[in-house]
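Structure first, then comments.
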Amino acid sequence: MPDRSPDLATPLVAWYREHARDLPWRRAEFHERYGGWGVLVSEFMLQQTPTTRVIGHLDAWLARWPTPADLAAEPPAAAVRQWANLGYPRRALWLHRAAVQLRDRHGGIVPADVDALLALTGIGDYTARAVAVFSYGQRHPVVDTNTRRVLARSLDGRAQPGPPSRRDLARMCAVLPADDADAAVMNAATMELGAVVCTARAPRCDSCPIAQLCRWRARGYPDTGDLRRKQARYEGSDRHARGAALRSLRDAAGHTVAIDEVIADWPDPAQRDRAIDSLIVDGLAETVDGMLRLPQ
DNA sequence: GACCCGTGGGA
DNA sequence: TTCCCAAGGGT
């Protein structure tokens, strides 16, 4: 029988109330102004993109499109351009699709129901629950990479978590406080700890509120090995070519480029062709008699 | 579950 | 310079 899980919530919640960063989407006026839409947009941008970079883009996005209907009224190309260099431009496309779905199926209102949120394009287990919890105050496990690392270290005594799994949701749920509001803070606090203190490299255990009950620390910080898949090299990759091709479409003065002119100087012509084809397949580009452009 | 998808800052 | 990694999701 494993030990009973220690109480992570009490110290984490107390720590968060004292040390939480002042981020835009945590401010009361942000929620008053943009509601669930603001939270949804911020969570979309935060998918695999560092917090500091998102901060520089969120205000402009919401000022331009303060409601889902505002975004849905414009072509996908506008979303992809506004997305700029946030990375993974499919997210801009999916956010636009979600806005259309919100307008057509939900009266332009971001639903509070997790299953309804999960049905929207680009919203998975994390984002659906983040919206339900941080915008609507519900009690659900919000599990991101930071949460998984904190649980792996504090409860399992491992340096790194295994690959993401739905089991993580049940584990997080088991350590959430019973009260809805406390559970929401616990979710945010666990992510915050992973982002600021219990970091992937060089964790700052000296300032950790749960160091006393951390099993990884108690075991002497064993290197249990990183079970995650290693990220492929970007330079010279297909993704690199795709990124360059999309950028040329984004920045095109007339918003349209002859296909032959798209990253024409790319060193690997076959890779260039794959990049353009994959953009078309993904819906990030479309052809109009020999010309290429963002989706209208 | 494996693999795919960008971009830039920090160590 | 090179490598790591970042509030994930779709296929």
Side-chain angles (χ1 to χ4, degrees), chain A residues 16 20-21 23-26 38-58 80 83-95 97-98 117-135 140-150 159-169 172 184 187-196 198-204 226-250 274-275 277-285:
Chain A
Y16 183 83
R21 291 169 295 174
L23 300 173
W25 44 91
R26 290 176 177 168
V39 174
L40 191 154
V41 171
S42 69
E43 296 296 348
F44 251 92
M45 290 185 173
L46 287 163
Q47 292 170 2
Q48 296 283 283
T49 297
T51 296
T52 53
R53 196 150 28 125
V54 168
I55 290 173
H57 289 266
L58 184 60
V80 174
W83 197 258
N85 64 341
L86 277 171
Y88 290 138
R90 291 191 298 185
R91 289 183 294 158
L93 201 58
W94 292 341
L95 179 51
R97 288 179 188 166
L117 288 161
L118 284 170
L120 299 170
T121 301
I123 294 192
D125 287 332
Y126 167 79
T127 305
R129 289 170 179 78
V131 171
V133 169
F134 299 135
S135 185
H140 299 285
V142 183
V143 176
D144 73 340
T145 185
N146 292 308
T147 299
R148 283 195 298 273
R149 186 171 54 252
V150 169
Q160 302 290 346
S165 156
R166 293 200 64 113
R167 293 175 178 279
D168 302 329
L169 295 179
M172 186 58 183
N187 276 308
T190 309
M191 287 191 288
E192 182 79 352
L193 188 79
V196 175
C198 193
T199 51
R201 290 176 296 187
R204 305 167 62 189
D226 194 337
L227 302 175
R228 294 165 306 167
R229 189 163 170 270
K230 207 175 137 188
Q231 204 169 44
R233 178 182 182 85
Y234 182 68
E235 187 75 20
S237 67
D238 280 15
R239 298 163 83 174
H240 188 184
R242 249 178 77 112
L246 184 69
R247 174 180 301 228
S248 74
L249 295 183
R250 233 173 35 215
R274 283 201 302 277
D277 288 345
S278 73
L279 287 174
I280 294 170
V281 167
D282 283 357
L284 279 166

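Please read all numbers here as calculations on a predicted model, not as lab measurements. Note on naming: letters A, B, ... go to the chains in the order of the sequence lines (proteins, then strands), and numbering restarts at 1 for each one.
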What nucleic acid atoms does [X] come within less than 4.0 Å of, heavy atoms only: base, sugar-phosphate, or nothing?
{"X": "Ala130(A)", "value": "nothing"}
{"X": "Ile123(A)", "value": "sugar-phosphate"}
{"X": "Gly87(A)", "value": "base"}
{"X": "Arg148(A)", "value": "nothing"}
{"X": "Ser278(A)", "value": "nothing"}
{"X": "Asp125(A)", "value": "sugar-phosphate"}
{"X": "Trp83(A)", "value": "nothing"}
{"X": "Leu279(A)", "value": "nothing"}
{"X": "Thr147(A)", "value": "nothing"}
{"X": "Arg201(A)", "value": "base"}
{"X": "Arg274(A)", "value": "nothing"}

Base of dG8(B) paired with side chain of Arg53(A) (donor-acceptor, under 3.5 Å):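 Under the 3.5 Å cut-off, the side chain and the base do not form any donor-acceptor pair.
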Below 3.5 Å, does any donor atom in the side chain of Gln231(A) face an acceptor in the base of dC4(C), or the other way round?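 No.
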Short side-chain N/O contact to [N] OP1/OP2 from [X], under 4.0 Å:
{"X": "Arg90(A)", "N": "dT7(B)", "result": "no"}
{"X": "Arg91(A)", "N": "dG9(C)", "result": "no"}
{"X": "Asn146(A)", "N": "dA6(C)", "result": "no"}
{"X": "Arg242(A)", "N": "dG6(B)", "result": "yes"}
{"X": "Tyr234(A)", "N": "dT7(B)", "result": "yes"}
{"X": "Thr49(A)", "N": "dG6(B)", "result": "no"}
{"X": "Arg250(A)", "N": "dG6(B)", "result": "no"}

Can you tell which of [options] lies closest to the side chain of [X]?
{"X": "Arg247(A)", "options": "dG8(B), dA7(C), dG6(B)", "result": "dG8(B)"}
{"X": "Leu46(A)", "options": "dA7(C), dC5(B), dC4(C)", "result": "dA7(C)"}
{"X": "Arg26(A)", "options": "dA6(C), dA7(C), dC4(C)", "result": "dA7(C)"}
{"X": "Ala200(A)", "options": "dG8(C), dC5(C), dT7(B)", "result": "dC5(C)"}
{"X": "Lys230(A)", "options": "dT7(B), dG6(B), dC4(C)", "result": "dC4(C)"}

Rounded to the nearest angstrom, tell me the gap between atom [atom1] in [X] and atom [atom2] in [N].
{"X": "Arg239(A)", "N": "dC4(B)", "atom1": "CZ", "atom2": "C1'", "result": "7 Å"}
{"X": "Gln48(A)", "N": "dG10(C)", "atom1": "CD", "atom2": "P", "result": "13 Å"}
{"X": "Met172(A)", "N": "dG8(C)", "atom1": "CE", "atom2": "P", "result": "14 Å"}
{"X": "Asp238(A)", "N": "dC3(B)", "atom1": "CG", "atom2": "C1'", "result": "13 Å"}
{"X": "Tyr88(A)", "N": "dA7(C)", "atom1": "OH", "atom2": "C1'", "result": "14 Å"}
{"X": "Arg233(A)", "N": "dC5(B)", "atom1": "CZ", "atom2": "C1'", "result": "18 Å"}
{"X": "Arg97(A)", "N": "dG9(C)", "atom1": "CZ", "atom2": "C1'", "result": "13 Å"}
{"X": "Glu192(A)", "N": "dA7(C)", "atom1": "CD", "atom2": "P", "result": "10 Å"}

What interatomic distance, in whole Å, is found between P of dC3(B) and the corresponding atom of dA7(C)?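 My reading of the P atoms in dA7(C) and dC3(B) gives 24 Å.
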Please report the distance separating the P of dG8(B) from the corresponding atom of dG9(C), rounded so that it comes out in whole Å.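 Approximately 23 Å lies between the P atom of dG8(B) and that of dG9(C).
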May I ask you to test the [X]-[Y] pair for a side-chain heavy-atom distance under 4.5 Å?
{"X": "Leu284(A)", "Y": "Leu93(A)", "result": "yes"}
{"X": "Tyr88(A)", "Y": "Arg239(A)", "result": "yes"}
{"X": "His57(A)", "Y": "Asn85(A)", "result": "yes"}

Hey, are Tyr126(A) and Gln47(A) close enough side-chain-wise for a donor-acceptor pair under 3.5 Å?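 Tyr126(A) and Gln47(A) do not have a side-chain donor-acceptor pair below 3.5 Å.
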Give a yes or no on whether a salt bridge exists between Asp238(A) and Arg242(A), defined as a side-chain N under 4.0 angstrom from a carboxylate O.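 Answer for the salt bridge query: no.
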What is the minimum heavy-atom distance between Asp144(A) and Met191(A), and which atoms define it?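 Where Asp144(A) meets Met191(A) most closely, the heavy atoms are OD1-CG, 3.2 Å.
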So which atom in Leu279(A) and which in Leu246(A) form the shortest heavy-atom distance, rounded to 0.1 Å?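 Smallest interatomic distance, heavy atoms only, reads CD1-N, 3.9 Å.
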Looking at CZ of Arg53(A) and CE of Met45(A), how far apart are the two atoms once the value is rounded to the nearest 0.5 Å?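 With rounding to 0.5 Å, CZ (Arg53(A)) is 11.5 Å from CE (Met45(A)).
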Comparing Arg166(A) and Gln47(A) on DNA chain B - which has the more 5′ nearest nucleotide: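 Whichever sits nearer the 5' end wins; that is Arg166(A).
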